[in-house]
Asker: 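The structure's right below; bear with me while I get my questions together.
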Number of protein chains: 2
Amino acid sequence: MSVPPLCEAFVLHFGEMGSRWGINRTVGQIYAVLFIAERPLCADDIVDRLGISRSNVSMGLKELQSWNLLRQRSIPGDRREFFHTPDDIYAIVRTLVDERKKREIDPTLSVLRELLMRSPESESERHAQGRMREMHDLIELLTGWYAEVQKLETERLIQLLSLGSRIVKVLDVKDRLFALPGGKRSSPTDKGN
Amino acid sequence: MSVPPLCEAFVLHFGEMGSRWGINRTVGQIYAVLFIAERPLCADDIVDRLGISRSNVSMGLKELQSWNLLRQRSIPGDRREFFHTPDDIYAIVRTLVDERKKREIDPTLSVLRELLMRSPESESERHAQGRMREMHDLIELLTGWYAEVQKLETERLIQLLSLGSRIVKVLDVKDRLFALPGGKRSSPTDKGN
DNA sequence: CTGAATTTTCAGATTTTTCTGAAATTGCAG
DNA sequence: CTGCAATTTCAGAAAAATCTGAAAATTCAG
């Protein structure tokens, strides 16, 4: 690998992390190289830096593109394509989460919904459905939250994240100020534990 | 696989999901079987249901235990160990996130910190460090938020999640009510984009 | 259209991961 | 301690994934 030592450590670590995340090592390394590069890189730049075959780079780039994680730039008079990562790291994380949701969460929800529609044919199936229902409801709660938060501009998001659990105090204040006389409370999930 | 069709679909799907999450297919299936089981299961129950070797089950259970995802129960006069998943699905997710953080996020943060300490020896290293800094700060923001939220009881967490981005309106109200004359604002991250 | 530069494809080689059966170990009742 | 039931370990087999080089396809200047 022909990158400065500082970069090498970063690239190797993200290759490792990628492989724990169901993305293969090389693809992780390619993204790491692009992420820290000063300028957009062409495929052969990546070959040089990682010391892997040209075809491997080509497949890796295709994979990353299918995740919407790359931007391309072409230089007039140069036939090569140059790739770079979005400048805004928040945008990168948003894309990553969106794609992950699309590929993993959404299909899971639809499998769960389908299974919850079926009539259980035994006591054990009935019990299993109960558990699937719990899982389904939790995933819906989380994805609903994510869908809402996703809409926020980065500025707002940071504000919210920085608050952390102190947000709860704000909620308390709100409750006290606007408490409805009837004591009406939303109970979003019926946790049958 | 000798489980009712409803359960089989669930187990197969979670095997698949597991393998996209860096957990292997079989381990995912073992957890799925335990998650929907009516009662704690011993290793041989799992062998019967999944049709895999006894040793594979043993290794899978060990793996799941290392993630703190299992509870054990022994029946007096029976030498076998019986395994089950926590009843509270929120507890399961919390454990999963905690472990994932411990194994992936924390080591990443410490690699990033170490690399940020080093003196760049070239312009490209200097630029790379800038990107690493952005990544480091974002991860810190997210883990800080998670550490705070983790402390909340499930009840409170659900309340918060159900609010979604409507929380921002609450923030607005708070700002209006308690606006400091000096216009003091915390700016948590300096995004140099 | 031609041909050089570049990218993509893909069959098979290589590497890594997962799985198994046999053997070793553990734990406990008697 | 003995003997048996249960569990764990681990070397090698099997399966899955990743990677490569060669060939095909694409792109574009001239």
Side-chain angles (χ1 to χ4, degrees), chain A residues 1-2 11-12 14-34 40-67 70-84 103-104, chain B residues 1-2 11-12 14-34 40-67 70-84 103-104:
Chain A
M1 193 176 299
S2 76
V11 168
L12 290 177
F14 277 85
E16 223 41 63
M17 282 304 114
S19 68
R20 293 211 200 172
W21 257 75
I23 288 167
N24 90 44
R25 186 156 318 184
T26 306
V27 173
Q29 292 183 351
I30 292 174
Y31 205 72
V33 160
L34 290 172
L41 303 181
C42 71
D44 283 314
D45 291 332
I46 300 170
V47 168
D48 294 342
R49 286 170 204 222
L50 295 180
I52 60 182
S53 74
R54 184 50 234 267
S55 53
N56 202 0
V57 169
S58 178
M59 291 188 298
L61 289 171
K62 230 182 63 171
E63 167 91 3
L64 288 170
Q65 282 180 303
S66 81
W67 284 80
L70 293 183
R71 301 285 174 271
Q72 293 185 48
R73 175 170 308 173
S74 28
I75 293 178
D78 190 328
R79 217 177 273 172
R80 294 168 299 174
E81 277 295 340
F82 290 82
F83 300 88
H84 61 111
R103 292 164 188 232
E104 285 147 30
Chain B
M1 192 176 299
S2 76
V11 168
L12 290 177
F14 277 85
E16 221 42 60
M17 281 305 113
S19 67
R20 292 211 201 172
W21 257 73
I23 288 166
N24 90 43
R25 187 156 317 187
T26 306
V27 174
Q29 292 183 352
I30 292 175
Y31 205 73
V33 160
L34 290 171
L41 302 180
C42 71
D44 284 314
D45 292 330
I46 299 170
V47 168
D48 295 342
R49 287 169 205 224
L50 294 180
I52 60 181
S53 76
R54 183 51 234 268
S55 52
N56 201 0
V57 169
S58 178
M59 292 187 297
L61 289 170
K62 230 182 63 172
E63 168 91 3
L64 288 168
Q65 283 180 305
S66 81
W67 283 79
L70 292 183
R71 301 286 173 268
Q72 291 184 52
R73 176 170 307 172
S74 27
I75 294 178
D78 190 328
R79 217 175 273 172
R80 295 169 297 177
E81 278 294 342
F82 291 81
F83 299 88
H84 61 112
R103 293 166 187 231
E104 285 147 30

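The analysis underlying the following values was restricted to heavy atoms, covering all of them including side chains, and did not include hydrogens, waters or symmetry mates. We name chains A, B, ... by the order of the sequence lines, and we start the count at 1 in each one.
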Asker: Check the distance between D:dT7's P and B:Asp78's CG and give it to me in whole angstrom.
Answerer: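 The distance from CG of B:Asp78 to P of D:dT7 comes to 9 Å, rounded to the nearest Å.
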Asker: A:Ser74: which residues meet the side-chain hydrogen bond (donor to acceptor under 3.5 Å, both in side chains) condition with it, sequence neighbours left out?
Answerer: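 Applying side-chain hydrogen bond (donor to acceptor under 3.5 Å, both in side chains) to A:Ser74 gives none.
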Asker: Atom CD of B:Glu16 and atom P of D:dA16: how far apart are they, to the nearest Å?
Answerer: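 For the pair B:Glu16 CD and D:dA16 P, the rounded distance is 11 Å.
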Asker: Within the pair B:Lys62 and D:dT7, is there a side-chain N or O less than 4.0 Å away from OP1 or OP2?
Answerer: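 The answer is no; no side-chain N or O of B:Lys62 sits under 4.0 Å from OP1 or OP2.
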Asker: Side-chain contact test, heavy atoms from C-beta onward, threshold under 4.5 Å: evaluate it for B:Asn56 versus B:Leu50 and give yes or no.
Answerer: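 No, every pair of side-chain atoms sits at 4.5 Å or beyond.
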Asker: Expressed in angstrom and rounded to an integer, what is the separation of A:Glu63 atom CD from C:dT8 atom P?
Answerer: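 These atoms are roughly 14 Å apart.
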Asker: Using a cut-off of 4.0 Å between protein heavy atoms and nucleotide atoms, how would you tag nucleotides 19-30 of chain C 5' to 3' with B, S and -?
Answerer: SBB-----BB--
Asker: Under 3.5 Å, is there a donor-acceptor pair between the side chain of B:Asp45 and the main chain of B:Cys42?
Answerer: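 Here the side-chain-to-backbone pair exists.
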Asker: My understanding is that only residues two or more places apart in sequence, or in another chain, count here; which of them pass side-chain hydrogen bond (donor to acceptor under 3.5 Å, both in side chains) with A:Glu63?
Answerer: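 Listed in chain order: A:Trp67.
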Asker: Determine the minimum heavy-atom distance between B:Phe83 and B:Leu34, stating which atoms define it.
Answerer: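 Looking at all heavy atoms of both residues, the closest pair is O-CD2, 3.5 Å.
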Asker: Heavy atoms only: give me the nearest B:Arg49-B:Met1 pair and the separation to one decimal.
Answerer: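 The answer is O-CG, 3.0 Å.
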Asker: Provide, to the nearest angstrom, the distance between the CZ atom belonging to A:Arg80 and the C1' atom belonging to D:dC28.
Answerer: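 Computing the A:Arg80:CZ to D:dC28:C1' distance gives 15 Å.
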Asker: Which pair of heavy atoms, one from A:Glu81 and one from A:Arg73, lies closest together, and at what distance?
Answerer: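 What the structure gives for the nearest pair is OE1-O, 3.7 Å.
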Asker: Can you check the A:Leu64 CG to C:dT7 C1' distance for me, whole Å?
Answerer: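 Nearest whole value for this atom pair: 16 Å.
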Asker: Take atom CD1 of A:Ile23 and atom P of D:dA17, then tell me their distance rounded to the nearest Å.
Answerer: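 The answer, rounded to whole Å, is 15 Å.
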Asker: I need the CD1-P distance between B:Ile46 and D:dA6, as an integer number of Å.
Answerer: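 To the nearest whole Å, that distance equals 15 Å.
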Asker: Report, one line per pair, each donor and acceptor closer than 3.5 Å where one atom sits in a side chain of residues 18-31 of chain B; sequence neighbours left out.
Answerer:
{"from": "B:Ser19", "atom 1": "OG", "to": "B:Glu16", "atom 2": "O", "distance (Å)": "2.8"}
{"from": "B:Ser19", "atom 1": "OG", "to": "B:Arg25", "atom 2": "NH2", "distance (Å)": "3.4"}
{"from": "B:Arg20", "atom 1": "NH1", "to": "A:Arg103", "atom 2": "O", "distance (Å)": "3.3"}
{"from": "B:Trp21", "atom 1": "NE1", "to": "A:Glu104", "atom 2": "OE1", "distance (Å)": "3.0"}
{"from": "B:Asn24", "atom 1": "OD1", "to": "B:Thr26", "atom 2": "N", "distance (Å)": "2.8"}
{"from": "B:Asn24", "atom 1": "OD1", "to": "B:Val27", "atom 2": "N", "distance (Å)": "3.2"}
{"from": "B:Tyr31", "atom 1": "OH", "to": "B:Leu69", "atom 2": "O", "distance (Å)": "2.8"}

Asker: Which heavy atom of B:Ala32 sits nearest to which heavy atom of B:Phe14, and what is that distance?
Answerer: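 Minimum heavy-atom contact is CB-CB, 4.0 Å.
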Asker: Grab the N/O contacts between the protein and nucleotides 12-14 of chain D below 3.5 Å, and write none if there aren't any.
Answerer:
none

Asker: Starting from the first five and the last five pairs of the helix from C:dC1-D:dG30 to C:dG30-D:dC1, work out the angle between the resulting helix axes, to 10 degrees.
Answerer: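 Rounded to the nearest 10 degrees, the bend comes out at 30°.
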Asker: Please name the pair of heavy atoms, one in A:Asp48 and one in A:Ser2, separated by the smallest distance, quoted to 0.1 Å.
Answerer: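 Reported closest heavy-atom pair: O-OG, 3.0 Å.
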Asker: Atom CG of A:Leu61 and atom CE of A:Met59: how far apart are they, to the nearest 0.5 Å?
Answerer: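 Going from the CG atom of A:Leu61 to the CE atom of A:Met59 covers 10.5 Å.
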Asker: Using whole Å, report how far CG of A:Asp44 lies from P of C:dT8.
Answerer: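 So the two atoms are 12 Å apart, to the nearest Å.
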